[in-house]
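Okay, structure first, notes after.
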Amino acid sequence: MAAASLTDLFAADASRAGRFSIEAGELILDYSKHRVDAETMRLLAALAVQEQLPRWIARMFSGDPINSTEARAVLHVALRSGDASFPEGRDVMPAVRGARERMRRFVDEVQRGDLKGADGRAITDIVNIGIGGSDLGPRMLVRAMRKLRKPGPRLHFVSNIDPADLEAALAGLTPGTTFFIVASKTFTTAETLANAARARAWLASALGTGLSRHFAALTANTAGAEALGVPPERVFPMWDWVGGRYSVWSAVGLPVALAAGMDAFEELLQGARAMDAHFRNEPLERNMPTVLALLEIWYVNFFGAQTRAVIPYSEDLRDLPAYLQQLEMESNGKRVDRDGNEVDYATAPVVWGAPGTPSQHSFHQLLHQGTHFIPVDFIVIRRNGESSTEQAALAANALAQGAALAFGNPASERHKALPGNRPSSTLLLDRLTPRALGALIALFEHKVFVEGVIWNVNSFDQWGVEHGKNLARTLLPRLLDGGETGGLDASTRGLLARLRKPD
Ligand code: F6P
């Protein structure tokens, strides 16, 4: 298949487009423009069976501690489960429903205009302070559900320890009418705690007292939140069996419910729940997350692809590539397998992307005529509100890019020729509804799960991020208060000296 051409594959099979597409609820996946045939998909599915994918799926949905290095279950699916009790033998649903009920009460209070600051004025602005999984998901969804915006406080997102981030968010805001959500599963993350402290100082300088009325927390560490002075009734729980990058379905999604309403948030959960059912029940060859995962493994482990581009043809999905970067790269960016052995094969590719059509005027030149092998995911929405020529043009461009990558364009002048035979998936959403968004995110979550099983890595820990944080913790006092730099490498020592140079 390495030499197979998409032009020939289509010429040889008039029904190819139909045969290589899958429908699951709100989503349609067209994967016919991939360098595969039925035999390829059969062999890839056999690989998944060989790696016991069905058993791993069952283990996740039964709450087994498959996050082995942290001895934790992986139960983000429970956050959107409709079962009265789930999973068997370890029912977490009472806690999940309890937390959601509290979210709903808080959202109702805010939407009634009853959320008041220390001086009794109604809150007009809510700032979510969080990073990684406590930021990327809600930020992406608040934007994606823009059209469902409910009247109520404006929402802002702050994640970076760079003071410019909080400064820019607070510009023009009034302390008395500003409320902060501190989102952190661990409540130990330096950036989030630093921004929360700065927010508190900003409030204190204007209000003096009653600051706790301006805070809520979303966390699995309620003691940490209360230590920051967040009143217990404003601490919304999450649990260690929810990974940060899988947590938008939990209280971490509170900004989404505040923006689009609790009903829309529930629809998001329903969309994900439908994808969970599809993932659990559909045979592997017709299983959308599994097929996407197998295509990625085909290119990464057989074609040597090192990256995949995600190009949503939707401004409202502008933040999706960044969200998927954490989901996919923090999950499967691993070099040691579940048995602790170094792997001798490639694992997660670099995921990158930006929205179409601006991407066409940026990096598509390389996609069409560059020397790298880069599979692409196009995400297209059939109807996004008004049906306009522009909306149609957006979709036309997405389809055109997929066709140009696949079939190329011969030209007598070589610098104009497009070689083609470059694979892409097209994910078609009927509308950008909360249900479709829920299904879309759950699709990628399960794709990542399948890849982790076949690459035999633990997709649910992220030990690789700790050392850099620890190093930063040791460098900070040296930067602030001078102090010895012995033991540091020459480059860090030199840069430190430059940074410490007085103005
Ligand atoms: O450093 C990585 C990470 O732990 C992510 O996995 C997580 O989403 C993010 O930091 C934020 O963590 P927390 O929600 O605990 O503040």
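Remember, it's 1-based here, ligands and their atoms both numbered in the order they're listed. Sequence positions, counted from 1, serve as the residue numbers for this chain.
Looking from atom 14 (O) of ligand 1 to the surrounding protein, the closest heavy atom is Ser134 OG, 2.7 Å. Atom 12 (O) of ligand 1 has Thr189 OG1, 3.5 Å as its closest protein atom, hydrogens excluded (heavy atom only). Nearest non-hydrogen protein atom to atom 11 (C) of ligand 1 is Ile131 O, 3.2 Å.
More than 12 non-hydrogen atoms from other residues, nucleotides or ligands lie less than 6.0 angstrom from CZ of Arg500. Crowding of Lys116 atom NZ: a count of heavy atoms from other residues, nucleotides or ligands under 6.0 Å exceeding 12.
Panel note: side chain Asn221, backbone Thr186; a donor-acceptor pair is recorded below 3.5 Å.
Atom numbering of ligand 1 starts at 1 in the shown order; those under 4.0 Å from a heavy atom of Lys469 are 1 (O), 2 (C), 4 (O).
No option in Leu228, Val230, Thr222 other than Thr222 meets the side chain to side chain contact (heavy atoms under 4.5 Å, CB included) test with Glu226.
Between Phe449 and Phe279, the two ring planes are perpendicular [angle over 60°; tilted spans 30° to 60°].
Residues forming a side-chain hydrogen bond (donor to acceptor under 3.5 Å, both in side chains) with Arg143 (at least two apart in sequence, or on another chain): none.
At least one heavy atom of Gln326 sits less than 4.0 Å from an atom of ligand 1.
Residue-level proximity to ligand 1 for Thr186 is carried by backbone and side chain together, each with a heavy atom below 4.0 angstrom.
Of all the listed residues (Arg245, Glu330, Gln462), Glu330 holds the heavy atom that lies closest to atom 5 (C) of ligand 1.
The shortest N or O to N or O distance between Gly133 and ligand 1 is under 3.5 Å.
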